[in-house]
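First up is the structure itself, then whatever we jot down about it.
Nothing here was measured: the structure is a model prediction, and the numbers come from that model. Per chain, numbering begins at 1; letters A, B, ... match sequence-line order.
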Number of protein chains: 2
Amino acid sequence: MFRIGEFAQIAQVSARQLRFYDQLGLLQPAHIDRETGYRYYSIRQLPRLNSILALKELGLTLEQIGPLLKDSISATELRAMLTLKRAEVERSLHEQQAQLRHIESRIAQIDRHGGTEGFDVILKSVEPAPFLSLHCAYADMDEAVRMISLVAEDGARQIKPALRDKLIVVARNDRDDEKLDLEIGFSLTRPSNAAVRLRGDYLLRASELPAVETMATIVRPGTNLESHTSFGAVGTWIEANHYQIAGPCREVFLEPITGPPGFEGALVEIQFPVRQVA
Amino acid sequence: MFRIGEFAQIAQVSARQLRFYDQLGLLQPAHIDRETGYRYYSIRQLPRLNSILALKELGLTLEQIGPLLKDSISATELRAMLTLKRAEVERSLHEQQAQLRHIESRIAQIDRHGGTEGFDVILKSVEPAPFLSLHCAYADMDEAVRMISLVAEDGARQIKPALRDKLIVVARNDRDDEKLDLEIGFSLTRPSNAAVRLRGDYLLRASELPAVETMATIVRPGTNLESHTSFGAVGTWIEANHYQIAGPCREVFLEPITGPPGFEGALVEIQFPVRQVA
DNA sequence: GCTTGACTTTGACGTTGCGTCAAACCCGCA
DNA sequence: TGCGGGTTTGACGCAACGTCAAAGTCAAGC
């Protein structure tokens with residue numbers, strides 16, 4: 001019989017660990033002195049302790065290990081648990097690999113640009129939302145910007161504040177078309193079928209912004225022009241982290257546009273639907 | 001300004017998380033109502049929150065993130081932290097891969113043998129120990145077993161209990177020799193140079209059992225013959241888990257041999273020095 | 001103006017597997 | 001009969017929140 005310290009030394013575990021396993025009922029000492037409370041372990045308990053340690057190595061929790069030590073039904077049951085555990089470890093492994101890529105791409109970014117700003121790409125999911133928008137193609141940026149201003153101002157006037165949510169621009173540049181194929185409009189707090197007529201005879205029609213499970217997003221202050229560099233940043237991020245673009249990009253104006261035209265003070269979230277590439 | 005719930009929804013985090021970040025000083029609300037304690041967040045705080053989330057994705061702790069948010073010295077500092085983190089993640093990745101192999105080999109084992117017994121291989125390190133032993137080659141198992149019995153009995157008689165520790169057999173089968181090249185003796189609790197003479201004019205000489213950093217070990221009750229199946233089990237384990245044998249194997253008799261010859265009740269720990277194979 | 005239901009506040013405990021004190025005993029050796 | 005090292009129980013700490021609970025607040029509908 002060994003005292004807890006000796007037994008701990010033999011088994012290469014800490015005495016605290018043995019007391020803890022005792023407390024959980026995983027490994028009770030062969031004998032406890034009634035008067036002093038001293039725990040005494042037999043070398044015969046080493047195999048049981050080793051079983052615990054081996055199962056722990058496999059990633060099982062102590063709670064899961066407990067029942068497995070009763071060697072009655074354990075064979076099939078153990079197999080089942082291990083199969084589950086395998087799936088879990090595989091998933092976690094993929095996550096870690098992704099994390100490693102994130103870290104490396106971020107390091108590379110610092111080395112290239114030195115800066116640390118504007119590169120906080122975040123993954124999120126978005127819910128579907130009713131959308132009241134104008135779908136049209138534009139020859140150049142200036143034309144598009146003018147139209148966005150128009151929709152922003154007239155929309156703000158004509159849609160009830162309680163119904164109107166955020167100004168959103170969806171870019172459907174599927175092919176490398178010369179023209180900008182945009183959908184400009186407001187998301188709504190609740191469904192509505194009413195169309196809205198703007199100056200110049202433009203018409204906002206009701207539709208729906210579909211849900212997207214995974215969006216790579218970045219928030220940028222500033223004008224549309226500058227936001228184009230952000231597009232590049234997100235693109236780099238997406239490539240470096242083994243994602244690919246899976247749908248039309250969105251620009252969400254997080255603040256109602258108040259200042260003079262040009263959106264100098266605007267806060268814009270750029271969103272790219274993405275999916276992981278194997 | 002948004003209340004905590006709305007802001008949480010926008011940023012896809014929980015309200016609890018925002019309160020927690022407030023508490024840590026990572027992200028304090030733009031305004032707090034003096035009377036009610038309600039937190040109000042500005043959309044302008046979203047970039048900061050996103051920075052936090054992005055850095056968290058990279059695996060940094062909240063404690064590490066705090067200082068990085070002051071954008072004064074962060075660029076080089078961030079790079080340094082990320083380099084550290086990368087090393088950490090890489091190590092953890094290797095560990096997980098090893099764990100996955102462990103799990104898979106264990107599943108395969110269950111499928112082959114159905115059993116769950118006797119396969120608790122665990123890794124440990126052993127300290128160097130003074131050793132009093134007889135080094136010799138034997139033609140067959142029987143001869144070796146007889147000699148082990150002799151050393152066990154005579155050694156127990158002639159070495160003081162306070163000095164004598166455990167009976168250990170070291171097998172130096174470097175080449176696939178026909179003969180068993182064994183070192184049979186006792187480890188000692190403290191160094192001693194005295195040799196011990198046994199019956200039949202055999203002599204135990206002092207030497208040292210070297211330390212081994214990584215030992216694959218398994219504990220088996222039973223005789224030497226049965227223990228040979230254990231050798232196979234450990235071998236399988238070593239291969240499946242990408243280790244390789246890196247030195248002479250040891251058999252440690254954990255209990256002083258008491259019963260009749262044959263070691264029926266003995267408890268033996270088999271130890272293989274191993275190293276990881278890349 | 002009042003009711004009501006959704007929201008928010010602080011505070012506390014739980015999670016996992018022990019590490020690390022602290023104060024009070026205990027053991028075996030000289 | 002000391003004494004130094006081991007042992008006991010008990011408690012707190014960790015990392016980043018999730019999940020109640022009780023009490024107070026807000027905003028919309030009547």
Side-chain angles (χ1 to χ4, degrees), chain A residues 1-41 49 52-66 69 85 88-89 92 95 99 160-163 189-190, chain B residues 1-41 49 52-66 69 85 88-89 92 95 99 160-163 189-190:
Chain A
M1 298 290 247
F2 304 93
R3 293 194 301 193
I4 197 169
E6 312 169 82
F7 193 64
Q9 208 173 358
I10 293 172
Q12 308 250 310
V13 297
S14 70
R16 178 71 176 85
Q17 227 176 114
L18 290 176
R19 284 189 206 108
F20 190 59
Y21 293 168
D22 177 11
Q23 194 180 323
L24 296 189
L26 282 183
L27 181 72
Q28 255 130 4
H31 174 251
I32 297 184
D33 187 311
R34 286 280 157 76
E35 296 180 8
T36 69
Y38 270 39
R39 295 171 174 81
Y40 291 93
Y41 291 86
L49 177 54
I52 296 172
L53 296 178
L55 292 171
K56 200 157 74 78
E57 278 292 295
L58 299 181
L60 300 183
T61 68
L62 296 182
E63 208 170 7
Q64 293 170 320
I65 291 173
L69 289 177
K85 196 68 202 173
E88 193 185 319
V89 172
S92 151
E95 270 177 27
Q99 192 183 343
K160 280 178 299 188
L163 178 61
T189 56
R190 56 191 159 73
Chain B
M1 298 291 247
F2 304 92
R3 293 194 303 193
I4 197 168
E6 312 168 80
F7 193 64
Q9 207 174 358
I10 293 171
Q12 307 250 308
V13 297
S14 69
R16 178 71 176 86
Q17 225 174 109
L18 291 176
R19 283 188 206 108
F20 190 58
Y21 292 169
D22 177 10
Q23 195 180 323
L24 296 189
L26 281 182
L27 181 73
Q28 254 130 5
H31 174 250
I32 297 185
D33 188 311
R34 286 283 157 76
E35 295 180 9
T36 69
Y38 270 38
R39 295 170 176 82
Y40 291 92
Y41 291 86
L49 177 54
I52 296 172
L53 296 178
L55 293 171
K56 199 157 75 77
E57 278 291 296
L58 299 181
L60 301 182
T61 68
L62 298 182
E63 208 169 7
Q64 294 170 320
I65 291 173
L69 290 177
K85 196 69 201 171
E88 193 185 319
V89 172
S92 152
E95 269 177 28
Q99 191 183 342
K160 279 179 300 189
L163 177 62
T189 56
R190 56 192 158 76

Separation of atom CG in B:Leu58 from atom P in D:dA16, rounded to whole Å: 14 Å

Length of the line joining A:Leu49:CG and C:dG17:P, which is rounded to integer Å: 15 Å

Any A:Lys56 side-chain nitrogen or oxygen under 4.0 Å from OP1 or OP2 of C:dC18: yes

Spacing of B:Ile4 atom CD1 relative to D:dT25 atom P, expressed in whole Å: 17 Å

Nearest-neighbour nucleotide for the B:Phe20 side chain, D:dC17, C:dC18, D:dC26 considered: D:dC17

Minimal non-hydrogen separation, B:Glu35 against B:Asp33, with atom names: N-OD1, 2.7 Å

A:Leu18 CG - D:dT7 P separation (whole Å): 10 Å

Shortest non-hydrogen contact between B:Ser14 and B:Ala8, atoms and distance: C-CB, 4.0 Å

Out of D:dC17, D:dT8, C:dC26, whichever nucleotide has its closest atom nearest the side chain of B:Gln17: D:dC17

B:Ser14 side-chain N/O to D:dG18 phosphate OP1/OP2 under 4.0 Å: yes

Proximity to the side chain of B:Tyr38 - top-ranked nucleotide from D:dT8, D:dT25, D:dC17: D:dT25

Protein-nucleotide distance (A:Phe2, atom CZ; D:dT7, atom P), rounded to Å: 13 Å

Candidate nucleotides C:dC27, C:dT9, D:dT9, ranked by approach to the side chain of A:Arg39 - the nearest: D:dT9

N/O donor-acceptor pair under 3.5 Å between A:Lys85 side chain and A:Leu58 backbone: no

Rounded distance (Å) that lies between atom P of D:dG13 and atom CD of B:Glu63: 15 Å

Of A:Arg16 and A:Glu35, the one whose closest DNA chain C nucleotide lies more 5': A:Arg16

Short side-chain N/O contact to C:dT8 OP1/OP2 from B:Tyr40, under 4.0 Å: no

Distance below 4.0 Å between B:Tyr21 side-chain N/O and D:dC17 OP1 or OP2: yes

Audit row: B:Phe20, B:Leu62, side chain to side chain contact (heavy atoms under 4.5 Å, CB included) steps and yes/no: CA-CA 10 Å; B:Phe20 190 58; B:Leu62 298 182; 3.7 Å; yes

Gap between atoms CD and P, on B:Glu6 and C:dC7 respectively (whole Å): 10 Å

Touch class at under 4.0 angstrom, heavy-atom based, for A:Arg19 against every strand present: base

For the student: nearest non-hydrogen atoms of B:Met1 and B:Ala30, plus distance: CE-CB, 3.9 Å

Distance, rounded to the nearest Å, where A:Arg3 contributes CZ and C:dC26 contributes C1': 8 Å

